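So the structure is just underneath, and the comments pick up after that.
The structure displayed is predicted, hence computed values, not measured ones.
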Amino acid sequence: MARRIKAMHFVSGLGNDGVTQVIKNYTSRLNRHYDIENIIVYQHHVDRAKLAELERIGNRLYEIPYKSDHPFANLRDTYKLIKKKSQT
């Protein structure tokens, strides 16, 4: 049996911008047509409506500390998340 593909997308924020729209379009097609787990990792500036929309289409979302304010916590949480998701 084939393993499920996992893709992690790292963005600084999720709002009404082009990056969020591209991620939404890209992941909605992938989620519909392929057995893939899209994981979106963001740091700050979250539009709650966009967050809900991205979850509704099947993405998993995780928030990590903002790199400029907490560089070591950002690195630690990024490492932990990658390690956790690569083992499951």
Practice problem: Decide yes or no for Leu14 and Leu61: does some side-chain heavy atom of the first lie under 4.5 Å from some side-chain heavy atom of the second? | Solution: yes

Exercise. For the residue pair Arg48 and Val46, establish whether any side-chain heavy-atom pair is separated by less than 4.5 Å.
Key: yes

Practice problem: Would you name the heavy atoms of Ser68 and Pro71 that are closest together and state the gap between them? | Solution: O-CD, 4.4 Å

Self-check item: Where Ile36 and Leu30 come nearest, the two heavy atoms and their spacing
Solution: CG2-O, 3.5 Å

Donor-acceptor contacts, no H, no angles, side chain residues 15-24, under 3.5 Å, sequence neighbours left out:
residue, atom, partner, partner atom, Å
Asn16, ND2, Asp47, OD2, 3.4
Asp17, OD1, Thr20, N, 3.0
Asp17, OD1, Thr20, OG1, 2.6
Thr20, OG1, Gly15, N, 3.1
Thr20, OG1, Gly15, O, 3.3
Gln21, NE2, Asn25, OD1, 3.2
Lys24, NZ, Glu53, OE2, 3.3

Self-check item: Pairing residues for Lys50 by the side chain to side chain donor-acceptor pair (under 3.5 Å) criterion, not counting sequence neighbours
Solution: none

Quiz item: For the hydrophobic clusters of this structure (ILVMFWY residues joined by side-chain heavy atoms under 4.5 Å, transitively), does one cluster hold both Leu54 and Tyr42?
Solution: yes

Show the atom names and distances, to 0.1 Å, of all donor-acceptor pairs under 3.5 Å that link a side chain in residues 76-85 to residues at least two apart or in another chain.
residue, atom, partner, partner atom, Å
Thr78, OG1, Asn74, O, 2.7
Lys85, NZ, Tyr62, OH, 3.0

Quiz item: When you measure from the side chain of Gln43 to the backbone N and O of Lys67, does any donor-acceptor pair fall under 3.5 Å?
Solution: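 Yes: the side chain of Gln43 pairs with the backbone of Lys67.
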
Quiz item: Looking only at atom types and distance, does a side-chain atom of Arg60 sit under 3.5 Å from a main-chain N or O of Ile39, one as donor and one as acceptor?
Solution: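 Between the backbone of Ile39 and the side chain of Arg60 there is no qualifying donor-acceptor contact (under 3.5 Å).
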
Practice problem: Using side-chain contact (heavy atoms from CB on, under 4.5 Å) as the criterion, point out the one residue from Ile57, Asn59, Asn38 that pairs with Ser28. | Solution: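 Result for side-chain contact (heavy atoms from CB on, under 4.5 Å) with Ser28: Ile57.
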
Self-check item: Residue pair Ser12, His45: steps toward the side-chain contact (heavy atoms from CB on, under 4.5 Å) verdict
Solution: CA-CA 8 Å; Ser12 62; His45 301 301; over 6 Å; no

Quiz item: Which is it for Glu37 and Ile5 under the side-chain contact (heavy atoms from CB on, under 4.5 Å) test, yes or no, and what are the steps along the way?
Solution: CA-CA 6 Å; Glu37 180 182 358; Ile5 295 172; over 6 Å; no

Quiz prompt | Residues His9, Tyr26; criterion side-chain contact (heavy atoms from CB on, under 4.5 Å); working and verdict | solution = CA-CA 11 Å; His9 311 273; Tyr26 175 70; 3.3 Å; yes

